[in-house]
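Small disclaimer: the values here were computed from a predicted structure and weren't measured. Numbers for residues simply follow the sequence, beginning at 1. Read the numbers this way: they start at 1 and go in the same order the structure lists the ligands and their atoms.
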Amino acid sequence: MISMSKNKPILVIGAGISGCTIAERYANILGKKVLIIEERENIGGNCFDYFNKDGILVPKYGPHFFHTNDEDVWNYLSNFIEWKPYEHRVLSFVEGKMVPIPVNIDTINKIFNAKLSNSREAKAWLKKNVEVINRPKNSEEAAVSRVGRILYEKMFKNYTKKQWNMLPSELDPEIMNRIPVRTNFDDRYFTDKYQAMPEGGYSKLFENMLSNKRIIKKFNFNFFDSDINLKNYEKIFFTGPIDKFFNYSQGKLQYRSLKFIHTTLKKCFFQERAQINYPGNQKFTRITEPKHATGQKSKKTTIIKEYPTWVGSPFYPVINKNNLSKYEKYAKKAAELRKDGIYLVGRLAEYRYLNMDDAFKNALNLFNRLNKKQLKTNQEHVLQ
Ligand code: UDP
């Protein structure tokens, strides 16, 4: 058992959403010294962005569009950054036509040359076209029961095959259920109350979160190759892949990765929206154009093509029965470590397909849970 000396610092492994949140809370709320180590050269995990040589703010590991309904998360992040309102809208390039995704009335009208004009007609259309499946067992069943087989074939089947290298029938229903179906003309990708981009970029947000001098940051620092002595820390938070932490003792968990090809063009904009999806035979899944979201003014623009792959950094946990049953075994081992002050937290450590706001919330909840007593005492102290 690691000594729980309160004078020892906190060790955080990984400087992504979960790691930065935990480090920030321990330093700013409890006045702890924190060492945060990161194997990459940059902050913010997959949210990291930077100004490229043409001066365009671009994400290194794929686009991130912030959205949340959670007041706590919104207020928490607003301590560190100004926001620039941005509502994400996505088009899908289906057989030569640009149609809104999520499926809405315009999507149906454009693809089927229909003339639906209101929610009642859209609901009737869906009722006629969907297959009734009470409890979808996989993502194919989830899709055909929500949009019908034709839209599934045109917009979801091949895109998912490219994204996951698996047919939707091999994936749990949750993956397809992430995308809503609309019986109105709303073409926003998300309907959350708060939708915005951090002014100046995500990296700035994370740098501001870690600005406390009590936080020591080390980049290009690989925990597994290091001789860090865990006994020197009051608590340890690991935010990397859980299977790697346990040296793959229960077998490897699958993660899907992405390769990004950036191209800068001498024109203000390349495409109509920040994101266009390609469910057809192209090898890439989508093209994103950050300027639409960041609002940056420039005579140039950078576009990013995404090619799904198995090699490279772990991006998406592959949620299916096989991986989840392996994960359960790791999760049991992780639970045993809590008594030693070691916690596995976040998308990779908990093998969950978390949206950004859920990842912040998850880390905040862990911090609040672990420090309930201390936070209550602090609160009482402030009130006296
Ligand atoms: N998807 C699809 N067609 C699309 C967009 C998404 O089939 O045009 C499927 C695909 O399997 C994807 C899942 O829906 O992985 C969830 O989409 P989301 O946009 O949430 O993916 P993310 O932005 O997290 O990559």
_Protein contact of atom 17 (O) of ligand 1 - nearest heavy atom, named by residue and atom, plus distance_ = Ile179 CD1, 3.7 Å

*For this output row, return yes or no: ring centroids of Trp83 and Tyr194 closer than 6.0 angstrom.*
no

*Tell me: protein heavy atom nearest atom 24 (O) of ligand 1, and distance?*
Tyr353 OH, 2.6 Å

*Looking only at protein heavy atoms, which one is nearest to atom 25 (O) of ligand 1, and how far off is it?*
Tyr316 OH, 2.6 Å

*Can we say Glu71 and Lys193 salt-bridge, meaning some charged N sits less than 4.0 Å from an Asp/Glu carboxylate O?*
yes

*Evaluating non-hydrogen atoms only, which member of Lys157, Glu306, Arg178 is closest to atom 20 (O) of ligand 1?*
Arg178

*Under 3.5 Å, N or O to N or O, is Met155 touching ligand 1 that way?*
yes

_Rounded distance [0.5 Å steps], OH in Tyr327 versus OG in Ser325_ = 12.5 Å

*Closest non-hydrogen protein atom to atom 13 (C) of ligand 1, residue and atom name please, with distance?*
Ile175 O, 3.7 Å

*Distance-only, no hydrogens or angles: does the Lys97 side chain make a donor-acceptor pair with backbone N or O of Lys110 under 3.5 Å?*
yes

*Does Asn277 approach ligand 1 within less than 4.0 angstrom via side chain, backbone, both or neither, non-hydrogen atoms only?*
side chain

*Evaluate the ring planes of His262 and Phe260, with Trp represented by its six-membered ring, and classify them as parallel (under 30°), tilted (30 to 60°) or perpendicular (over 60°).*
perpendicular

*What do we get for Val90 next to ligand 1 when only non-hydrogen atoms under 4.0 Å count, side chain, backbone, both or neither?*
neither

*asked:* Please classify the Arg286 to ligand 1 contact at 4.0 Å (heavy-atom distances, strictly less than): side chain, backbone, both or neither.
replied: side chain

_Tell me every residue that passes salt bridge (Lys or Arg N to Asp or Glu O under 4.0 Å) with Glu140, counting only those two or more places apart in sequence or in another chain._
Arg149

*Of the listed options (Thr160, Ile101, Val94, Leu91), which comes nearest to atom 11 (O) of ligand 1 when hydrogens are ignored and any heavy atom counts?*
Thr160

*Salt bridge or not for Lys84 and Glu199, using N-O below 4.0 Å?*
no

*Any N or O of Met176 that comes nearer than 3.5 Å to an N or O of ligand 1?*
no

*Within 45° of the axis and under 6.0 Å from the centre of the six-membered ring of Tyr152, does NZ or CZ of Lys157 qualify?*
no

*Tyr189, Phe93, Trp164, Tyr159: member with heavy atom nearest to atom 18 (P) of ligand 1*: Tyr189

